[in-house]
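Lettering follows sequence order; numbering is per chain, from 1.
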2 protein chains.
Amino acid sequence: MLRMDAATASTALLTDRYELTMLQAALRSGAAQRHSVFEVFTRRLPDGRRYGVTAGIGRVLDAVENFRFTPAQLSWLADQQVVDAETLAWLADYRFRGDIRGYGEGECYFPGSPILVVEGSFAEAVILETAILSILNHDSAIAAAASRMAAAAGDRPMIEMGARRTHERAAVSAARAAYVAGFGATSDLQAGFEYGIPTTGTAAHAFTLLHDSERDAFTAQIDSMGRGTTLLVDTYDLTEAVRTAIEVAGTDLGAVRIDSGDLLMLAHRVRRQLDELGAVKTRIVVTSDLDEYAIAALAAAPVDAYGVGTSLVTGSGQPTCSMVYKLVARAASADPDAPLVPVAKRSAGAKASRGGAKWAARRLDGDGVAEAEVVGTGPVPPELRESLLHRELVRGGEIVGREPLSAARERHLRSRNQLPLSATQLSKGEPVITTEYTGG
Amino acid sequence: MLRMDAATASTALLTDRYELTMLQAALRSGAAQRHSVFEVFTRRLPDGRRYGVTAGIGRVLDAVENFRFTPAQLSWLADQQVVDAETLAWLADYRFRGDIRGYGEGECYFPGSPILVVEGSFAEAVILETAILSILNHDSAIAAAASRMAAAAGDRPMIEMGARRTHERAAVSAARAAYVAGFGATSDLQAGFEYGIPTTGTAAHAFTLLHDSERDAFTAQIDSMGRGTTLLVDTYDLTEAVRTAIEVAGTDLGAVRIDSGDLLMLAHRVRRQLDELGAVKTRIVVTSDLDEYAIAALAAAPVDAYGVGTSLVTGSGQPTCSMVYKLVARAASADPDAPLVPVAKRSAGAKASRGGAKWAARRLDGDGVAEAEVVGTGPVPPELRESLLHRELVRGGEIVGREPLSAARERHLRSRNQLPLSATQLSKGEPVITTEYTGG
């Protein structure tokens with residue numbers, strides 16, 4: 001379903017300069033060929049969140065595949081003297097030939113979960129850092145917010161409509177992440193075009209203001225879109241607009257949208273009015289500055305669908321995750337048979353990390369409810385073999401982990417439903433399961 | 001300087017679906033050809049901010065120029081039955097043929113400032129809404145945060161290094177916006193490639209961990225990058241690392257970077273150590289989770305440069321602006337000579353707006369300090385004619401307002417320096433000047 005230049009354009013320069021200068025220094029010191037293991041993980045969840053949601057894995061695979069340096073890029077790197085001729089020659093030939101495994105897209109994660117494990121030479125793995133982190137940090141932040149909102153909305157449909165509130169390309173990825181985490185549709189056409197996500201929409205106040213009267217505007221919309229459309233009823237007077245809407249469309253009108261005011265009170269009032277007018281099947285869509293708390297507060301209101309913009313695409317207060325990409329093990333020498341040595345930063349600060357290549361499993365209790373994220377080095381205990389979380393994504397440079405977005409949607413729902421019930425509590429708290437380290 | 005596919009790829013589907021369905025309905029009702037004026041403005045600044053910063057204007061011009069529907073996009077719209085055949089034919093021919101004027105990039109703005117004014121037929125202007133808002137809302141949010149940080153840093157250089165904390169394409173735009181608002185360099189190579197922004201970088205902990213010892217790593221980096229490089233000194237023990245760094249590089253070492261811990265205390269300690277070792281010119285770069293408050297707190301510390309990541313690319317708590325794109329006037333009919341009628345939403349909610357096409361001027365007091373944002377309809381008072389803020393950007397569909405990024409940088413500095421001194425106070429407060437409405 002990838003249809004656009006951005007999906008196939010080179011991702012090679014979406015990269016911090018130091019990745020390439022470290023590469024150059026490592027090529028010169030000879031350490032570049034040491035077999036290395038990098039892991040993506042986060043030390044904590046955003047403030048008070050109970051679980052994280054892995055999103056962007058499919059986009060990471062695209063980015064790795066398209067991480068090739070074009071002649072124009074190489075010539076710019078040469079002009080700017082970013083790296084030397086030997087390094088440029090190495091980059092010209094570059095494609096990732098190592099292995100990547102990781103959490104399936106949509107899977108919940110917790111502090112310390114080894115979300116992605118990248119293995120290869122130091123050289124080939126280090127330069128993927130920035131692009132991989134950009135994608136996972138953004139998409140997972142949006143998915144985490146979306147998941148909370150979708151849980152709060154229950155069975156009511158959720159529409160992503162935040163494109164105008166975030167970077168135009170981030171918007172497309174946000175629509176994708178929201179879809180993974182339970183939203184059913186997006187207003188963003190590019191997200192439909194590129195990823196096959198269902199698109200939907202209503203009308204703006206401008207459309208009403210363009211016409212000589214609200215009645216003219218509603219008539220024009222019905223003439224063009226049919227009675228199943230959604231009329232925006234809060235440009236002038238809400239009660240009058242609802243009356244006009246039903247006069248123009250009849251009681252088969254699909255829906256009305258309320259985009260301002262006290263939605264709880266207005267939804268009740270509009271529902272009553274619609275019912276009195278006989279439009280008992282006309283639905284009510286609400287859209288004004290919703291977040292998971294506002295959605296939860298509307299649970300008892302006669303609302304049929306939620307459109308969410310700003311708070312979704314900005315991660316509902318947490319616009320990024322704190323995922324890092326750390327070297328956790330590397331060979332003792334460039335010899336292909338050299339043993340792997342676990343490594344970890346161990347300065348006095350708060351950023352120390354755990355060395356060694358890790359596996360992860362979600363341990364369930366007798367009722368099938370998650371009780372711990374088990375992260376280990378060394379052999380996997382037999383009782384956890386069925387609960388391992390890593391999927392193979394790239395093998396010897398070949399992408400093997402592609403899957404349809406529907407698989408990620410299903411995985412997310414399954415993964416969230418497996419968590420203790422308190423996972424979807426909106427109040428701040430600790431991660432809903434703890435991470436246990438074993439081995440190493 | 002635009003060098004990449006993303007800069008020339010079609011922007012036409014970075015658009016909410018309702019823009020196209022409103023277009024279809026207006027084409028059918030005949031209202032599509034009514035001459036219309038849309039304005040981009042914001043009703044308020046983010047919580048407690050004293051001024052906003054216009055950024056992304058140059059990107060808006062690129063997006064307008066590239067807002068053309070490709071055959072693949074049109075065929076997708078047809079397949080999905082987003083719009084009818086008449087509308088598709090109209091879209092196939094589309095290019096914007098109207099006029100756009102607006103605030104110069106880098107200019108400060110306030111609540112109600114008419115940041116962008118788009119004039120043309122309703123049809124040609126309405127469909128630009130989503131793309132324009134995405135760009136301005138994102139880029140201006142980053143620029144506003146960057147400006148506060150740059151003001152707090154004074155003369156010390158600021159490096160943008162947040163690529164890994166935001167969407168990979170948003171990162172490029174964030175580097176651009178930060179540069180407009182006073183940052184001097186970025187770590188993001190794509191931002192260098194696409195926009196000519198200076199790029200810079202140091203090294204990661206992984207580079208130290210890759211080698212058998214810190215000494216080996218430092219030696220490798222100096223061998224490759226020369227003594228002018230910046231060595232990362234907090235992987236193991238800071239004091240030992242600084243000693244090793246100077247032993248390996250000599251007292252000509254360019255800089256050391258500290259990326260964790262109590263930066264205020266550590267900067268003093270490292271400065272003392274460097275001076276004692278004779279490395280009196282070796283600079284100290286700090287980078288750990290800085291925001292404008294942390295930067296201000298380091299004003300008295302012996303720090304030579306700041307690298308800022310997460311808080312910059314997420315707008316320091318305000319990742320989006322609340323800019324809207326509103327129809328403020330439209331012709332009474334499709335007749336080219338029909339008079340313009342001011343229009344405005346006037347529902348009971350908080351979202352009412354002011355009708356009429358507006359001009360804006362910044363009134364200065366006798367000392368050249370800004371004292372009000374004057375926003376008006378109708379004739380401009382003679383005393384404000386020299387202080388008008390709009391630049392012509394697009395005339396009859398032709399882009400006329402392109403300028404180098406350096407012009408936006410200079411404009412921002414000039415504009416901020418013209419504000420009352422309390423503008424750069426970091427504490428929360430009201431907009432530093434008030435907006436006065438006149439006329440209409």
Is the shortest side-chain N to carboxylate O distance from A/D84 to A/R28 below 4.0 Å? yes
For B/L20, which atoms come within 4.5 Å of any heavy atom of chain A: side chain, backbone, both, or neither? side chain
Can you find a side-chain donor-acceptor pair between B/Q73 and B/S10 that sits under 3.5 Å? yes
Structural part of B/A131 lying under 4.5 Å from a heavy atom of chain A: neither
Please identify, among A/M161, A/E129, A/Q221, A/E19, the residue contributing the most non-hydrogen atom pairs under 4.5 Å to chain B. A/E129
Between A/D212, A/V83, A/T87, A/D216, who has the most heavy-atom pairs with chain B when the cutoff is under 4.5 Å? A/D212
Per-residue contact mode, B/T70 against chain A (heavy atom under 4.5 angstrom): neither
Could you grab the distance from atom CG of B/L14 to atom CD of A/Q190, nearest 0.5 Å is fine? 5.0 Å
Any residue meeting side chain to side chain donor-acceptor pair (under 3.5 Å) with B/S316, in chain and number order, not counting sequence neighbours: B/E292
Check whether B/A329 gets within reach of chain A through its side chain, its backbone, both or neither, counting any heavy atom under 4.5 Å. neither
Just by modelled atom types, is the B/A171 backbone N or O under 3.5 Å from a matching donor or acceptor in the B/T166 side chain? no
In terms of heavy-atom pairs under 4.5 Å, which option from A/A32, A/A204, A/S322, A/S134 contacts chain B the most? A/S134
Quick one: what part of B/A332 sits under 4.5 Å from any heavy atom of chain A, side chain, backbone, both or neither? backbone
Under a 4.5 Å cutoff for heavy-atom pairs, which residue among B/F122, B/Y18, B/Y325 has the most contacts with chain A? B/Y18
Give the ring-plane orientation class for B/H167 versus A/H138, where under 30° counts as parallel, over 60° as perpendicular and anything between as tilted. perpendicular
Measuring only between side-chain heavy atoms, which start at C-beta, is B/R164 closer than 4.5 Å to A/D16? yes
Quick check on B/T202 against chain A: is it the side chain, the backbone, both or neither that has a heavy atom closer than 4.5 Å? both
Heavy-atom distance under 4.5 Å to chain A: side chain of B/R165, backbone, both or neither? both
Rounded to the nearest 0.5 Å, the CD atom of B/E214 sits from the OG1 atom of B/T208 at a distance of 5.5 Å
Heavy-atom distance under 4.5 Å to chain B: side chain of A/S36, backbone, both or neither? side chain
Selection from B/V82, B/T199, B/D188, B/T314 maximising heavy-atom pairs under 4.5 Å formed with chain A: B/T199
Select, from B/A63, B/G315, B/P319, B/A174, the one with the greatest count of heavy-atom pairs under 4.5 Å involving chain A. B/P319
Does A/E168 reach the side chain of B/I135, with side-chain heavy atoms less than 4.5 Å apart? yes
B/L210, B/L209, B/T130, B/L27: which one forms the most heavy-atom pairs within less than 4.5 Å of chain A? B/L210
Most heavy-atom pairs under 4.5 Å with chain B, out of A/L327, A/V324, A/V328, A/L189, belong to A/L189
Selection from B/G56, B/A141, B/A206 maximising heavy-atom pairs under 4.5 Å formed with chain A: B/A206
Counting only non-hydrogen atoms closer than 4.5 Å, does B/F38 touch chain A with its backbone (N, CA, C, O), its side chain (CB onward), both, or neither? side chain
Of the listed residues (A/A203, A/A31, A/G201), which shares the most heavy-atom pairs with chain B below a 4.5 Å separation? A/A203
When you compare the side chains of A/D234 and A/S260, does any donor N or O come within less than 3.5 Å of an acceptor on the partner? yes
For A/S224 and A/A220, indicate whether the former's side chain and the latter's backbone hold a donor-acceptor pair under 3.5 Å. no
Which heavy atom in A/R59 sits nearest to a heavy atom in A/S173, and how many Å separate them? CZ-OG, 3.1 Å
Option that, when pairs with chain A are counted at under 4.5 Å, heavy atom only, ranks first among B/A331, B/G355, B/A170, B/G317: B/A170
